[in-house]
J.: 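Got a structure here, written out as structure tokens. Questions coming.
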Amino acid sequence: MSKQIAVVGQGYVGLPLAIAAAEAGFSVVGIDINRDLVKALSAGTSPVGDISDAEIAHAIARGTYCASTDFSLIADCEIAVICVPTPLDSEHRPDLSALESAVHSVATYLSEGSLLIVESTIAPGTTREVVAQIVGSDKNIEIAYSPERIDPSNKQWNIRNTPKLVAGLTPSATDRTVDFYSAFINRVDRGESVEVIEVAKLLENSFRLINISFINEIAIFCQKLGVDVRDVIKAASTKPYGFMPFFPSAGVGGHCIPVDPSYLSAKAHEIGAPSRFIDLANDVNRSMPTFFAGIALGKLGTLAAKKILVVGIAYKPNVSDMRESPAVELIAELRSRGAEVSWHDDLVGTWAGESSTPLTADYDLVIFVNPHPGTDISLLGTAHVLDTRGGY
Ligand SMILES: NC(=O)c1ccc[n+]([C@@H]2O[C@H](COP(=O)([O-])OP(=O)(O)OC[C@H]3O[C@@H](n4cnc5c(N)ncnc54)[C@H](O)[C@@H]3O)[C@@H](O)[C@H]2O)c1
């Protein structure tokens with residue numbers, strides 16, 4: 001009989017993991033507290049762009065996948081992987097409530113000697129100091145951390161060919177975790193310790209936040225200087241070593257890049273270490289929507305009663321994910337200055353009770369945030385365009 005595993009949290013991270021494990025022959029139960037989501041998954045409907053309805057239906061038909069809200073099913077599983085959200089609270093501080101709740105539920109049902117793997121992004125020390133404390137030592141449950149690196153909509157790098165970092169609190173937890181992932185991931189790397197890979201995950205995403213914020217600051221500099229930042233990046237990219245291009249935007253979004261670095265800076269605060277680059281990058285990133293509202297004002301003279309269309313409101317092209325999207329702040333800022341703002345997004349049909357508006361030339365200004373590749377911008381005719389991706 002195939003090994004039974006549970007994947008707790010069936011979102012952008014947990015669902016692709018569950019389906020990959022099911023395809024590798026594990027018998028997978030995908031557990032989530034969201035009843036509507038579980039209902040949709042059980043009917044073979046995928047809420048995640050990278051997983052098709054057919055893949056879910058196929059796994060259900062083979063009997064290797066089912067979705068459920070019932071945590072007691074974990075009692076039959078040898079491994080439970082936790083993929084629940086780790087967001088920030090309203091003060092931009094780590095909010096571990098979903099993780100703690102999931103660990104409590106899992107620890108209640110996991111049987112003696114099972115393996116618990118955390119994939120959610122967490123601050124250094126959380127596996128040992130929070131997860132292991134909740135689990136306790138009664139049932140000899142082994143614990144490992146393995147940060148997820150999935151990049152939604154990335155066609156080149158997926159769950160199977162993106163190297164996976166793994167470290168357990170014991171050598172045996174590491175070995176068991178390596179064995180598990182090696183069944184469906186091409187390369188699995190052992191970290192020196194759980195703490196090392198907790199920091200490594202935050203380093204990866206802080207690197208992106210800092211560099212994207214830096215190029216946005218350079219873009220502002222270029223705008224004032226009167227050169228196109230895209231030409232500057234193209235020129236610098238001719239250097240074959242020591243330079244990596246990053247591209248300007250209205251700011252970073254999604255559940256990772258704007259969030260994870262704050263887990264590192266919160267820990268830095270706690271232990272008295274500096275995190276000035278992250279703090280500065282956050283400042284620059286969060287100021288970008290206001291910067292673009294200012295550019296729009298400069299172009300139109302006033303924003304009062306001006307008709308503005310924002311095109312591409314998801315946090316990046318090719319996804320419908322609105323989490324932390326800079327378009328939200330930009331739209332709010334433009335409206336607070338009196339503009340009549342509509343938006344168009346081919347993948348985000350509705351958001352906050354509003355619907356995507358058709359593309360026409362009938363606007364005083366059109367602002368590109370993250371247009372999707374298939375968006376037919378020719379429908380905008382001769383409308384005046386402000387492109388937050390450069391050249392404004
Ligand atoms: N989205 C990404 O691109 C990405 C990439 C790498 C790492 N991560 C990290 O992975 C984790 C999960 O992110 P995501 O994007 O999949 O989130 P998500 O919001 O898409 O999915 C999380 C799911 O967990 C469920 N959930 C919440 N609390 C629960 C609980 N107590 N028990 C069971 N289910 C619960 C939610 O209903 C939701 O369906 C986060 O820590 C995130 O930082 C995300």
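Just follow the structure's listing: the first ligand is 1, and inside any ligand the first atom is 1.
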J.: Quick check: does Tyr315 get an N/O under 3.5 Å from an N/O on ligand 1?
T.: no

J.: For Val8, counting its heavy atoms only, list the atoms of ligand 1 lying under 4.0 Å from any of them.
T.: 32 (N), 33 (C)

J.: Check ligand 1 against Ala98 and write out every atom of the ligand that is under 4.0 Å from a heavy-atom position of the residue.
T.: 28 (N), 31 (N)

J.: Starting from atom 41 (O) of ligand 1, locate the nearest protein heavy atom and write down its residue, its atom name and how far away it is, to 0.1 Å.
T.: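 Going atom by atom, the protein heavy atom closest to atom 41 (O) of ligand 1 ends up being Thr86 OG1, 2.6 Å.
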
J.: As an exercise, identify every atom of ligand 1 less than 4.0 angstrom from a heavy atom of Asn34.
T.: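 Within the 4.0 Å cut-off of Asn34, ligand 1 contributes 37 (O).
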
J.: Does only the side chain of His104 get under 4.0 Å from ligand 1, or the backbone, or both, or neither? Count heavy atoms.
T.: neither

J.: Do any N or O atoms from the side chain of Lys139 and from the backbone of Thr108 form a donor-acceptor pair under 3.5 angstrom?
T.: yes

J.: With sequence neighbours excluded, tell me which residues meet side-chain contact (heavy atoms from CB on, under 4.5 Å) with Ala314.
T.: Val319, Asp345, Val348, His372

J.: Return yes when atom CD1 of Ile220 has more than 12 non-hydrogen atoms of other residues, nucleotides or ligands closer than 6.0 Å, and no otherwise.
T.: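 Atom CD1 in Ile220 is packed in, count exceeds 12.
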
J.: We want to know whether Ser52 and Glu55 form a side-chain donor-acceptor pair, criterion being a heavy-atom distance below 3.5 angstrom.
T.: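 Side chains of Ser52 and Glu55: pair found under 3.5 Å.
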
J.: So, is the end of the Lys3 side chain (NZ or CZ) under 6.0 Å from the ring centre of Phe26 and within 45° of the ring's axis?
T.: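 Not flagged: Lys3 not positioned over aromatic ring of Phe26.
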
J.: Purely on distance, is any nitrogen or oxygen of Phe71 under 3.5 Å from one on ligand 1?
T.: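 Phe71 vs ligand 1: no N/O contact under 3.5 Å.
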
J.: To the closest 0.5 Å, what do you measure between CG (Leu330) and OG (Ser325)?
T.: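 Rounded to the nearest 0.5 Å, the CG-OG separation comes to 9.0 Å.
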
J.: What's the shortest distance from atom 28 (N) of ligand 1 to any protein heavy atom, and which residue and atom give it?
T.: Ile33 CD1, 3.5 Å

J.: Only heavy atoms of Ser120, strictly under 4.0 Å: list the atoms of ligand 1 that pass.
T.: 11 (C), 41 (O)

J.: Pairing donors with acceptors under 3.5 angstrom, does anything connect the side chains of Ser114 and Glu142?
T.: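 Side chains of Ser114 and Glu142: no pair found under 3.5 Å.
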
J.: Would Thr127 and Glu198 count as having a side-chain donor-acceptor pair, cut-off 3.5 Å?
T.: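 On atom types as modelled, these side chains qualify, holding a pair under 3.5 Å.
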
J.: Under 3.5 Å, is there a donor-acceptor pair between the Ser72 and Asp70 side chains?
T.: yes

J.: Look at atom 4 (C) of ligand 1 and say which protein heavy atom is nearest, naming residue and atom and giving the distance to 0.1 Å.
T.: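 Going atom by atom, the protein heavy atom closest to atom 4 (C) of ligand 1 ends up being Cys256 SG, 3.1 Å.
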
J.: Can you tell me which residue and heavy atom of the protein come closest to atom 11 (C) of ligand 1, and the distance to 0.1 Å?
T.: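 Answer for atom 11 (C) of ligand 1: Val84 O, 3.4 Å.
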
J.: Of all the non-hydrogen atoms in the protein, which one sits nearest to atom 22 (C) of ligand 1, and at what distance?
T.: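 In this structure, atom 22 (C) of ligand 1 has Pro85 CD, 3.6 Å as its nearest protein heavy atom.
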
J.: Tell me which protein heavy atom sits closest to atom 16 (O) of ligand 1, plus the residue, atom name and distance to 0.1 Å.
T.: Val13 N, 2.9 Å

J.: Mark up the atoms of ligand 1 that fall under 4.0 Å of a heavy atom belonging to Pro152, in ascending order.
T.: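 This gives 3 (O) as the contact atoms.
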
J.: Give a yes or no answer on whether the side chain of Arg335 reaches the backbone of Val341 with a donor-acceptor pair at less than 3.5 Å.
T.: yes

J.: So which heavy atom in the protein is nearest atom 42 (C) of ligand 1, and how far is it from that ligand atom?
T.: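 Protein heavy atom at minimum distance: His255 CD2, 3.5 Å.
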
J.: Relative to atom 6 (C) of ligand 1, which among Lys316, Arg35, Arg323, Glu148 owns the nearest non-hydrogen atom?
T.: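 Comparing heavy atoms across Lys316, Arg35, Arg323, Glu148, the nearest one to atom 6 (C) of ligand 1 lies in Glu148.
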
J.: CD1 of Ile257 to CD of Glu204: how many Å apart, nearest 0.5 Å?
T.: 9.5 Å

J.: Using a 4.0 Å cut-off to any heavy atom of Cys83, which atoms of ligand 1 qualify?
T.: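 With Cys83 as reference, the close atoms of ligand 1 come out as 12 (C), 22 (C).
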
J.: How close does the nearest protein non-hydrogen atom get to atom 43 (O) of ligand 1, and which residue and atom is it?
T.: Thr121 OG1, 3.3 Å

J.: Within a distance under 4.0 Å of any heavy atom of Ala102, pick out the atoms of ligand 1 and give their elements.
T.: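 Taking each heavy atom of Ala102 in turn, ligand 1 has 31 (N) under 4.0 Å.
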
J.: Return yes if a side-chain donor-acceptor contact under 3.5 Å exists between Ser378 and Asp376, otherwise no.
T.: yes

J.: May I ask you to check whether Tyr12 has an N/O atom sitting below 3.5 Å from an N/O atom of ligand 1?
T.: yes

J.: State whether the shortest distance between N or O atoms of Asp32 and N or O atoms of ligand 1 falls below 3.5 angstrom.
T.: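 Right, the criterion is met.
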
J.: Check ligand 1 against Leu37 and write out every atom of the ligand that is under 4.0 Å from a heavy-atom position of the residue.
T.: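 Those qualifying, in numeric order: 39 (O).
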
J.: Check whether Ser249 reaches the backbone of Gly251 with its side chain - one donor and one acceptor, N or O, closer than 3.5 Å.
T.: yes

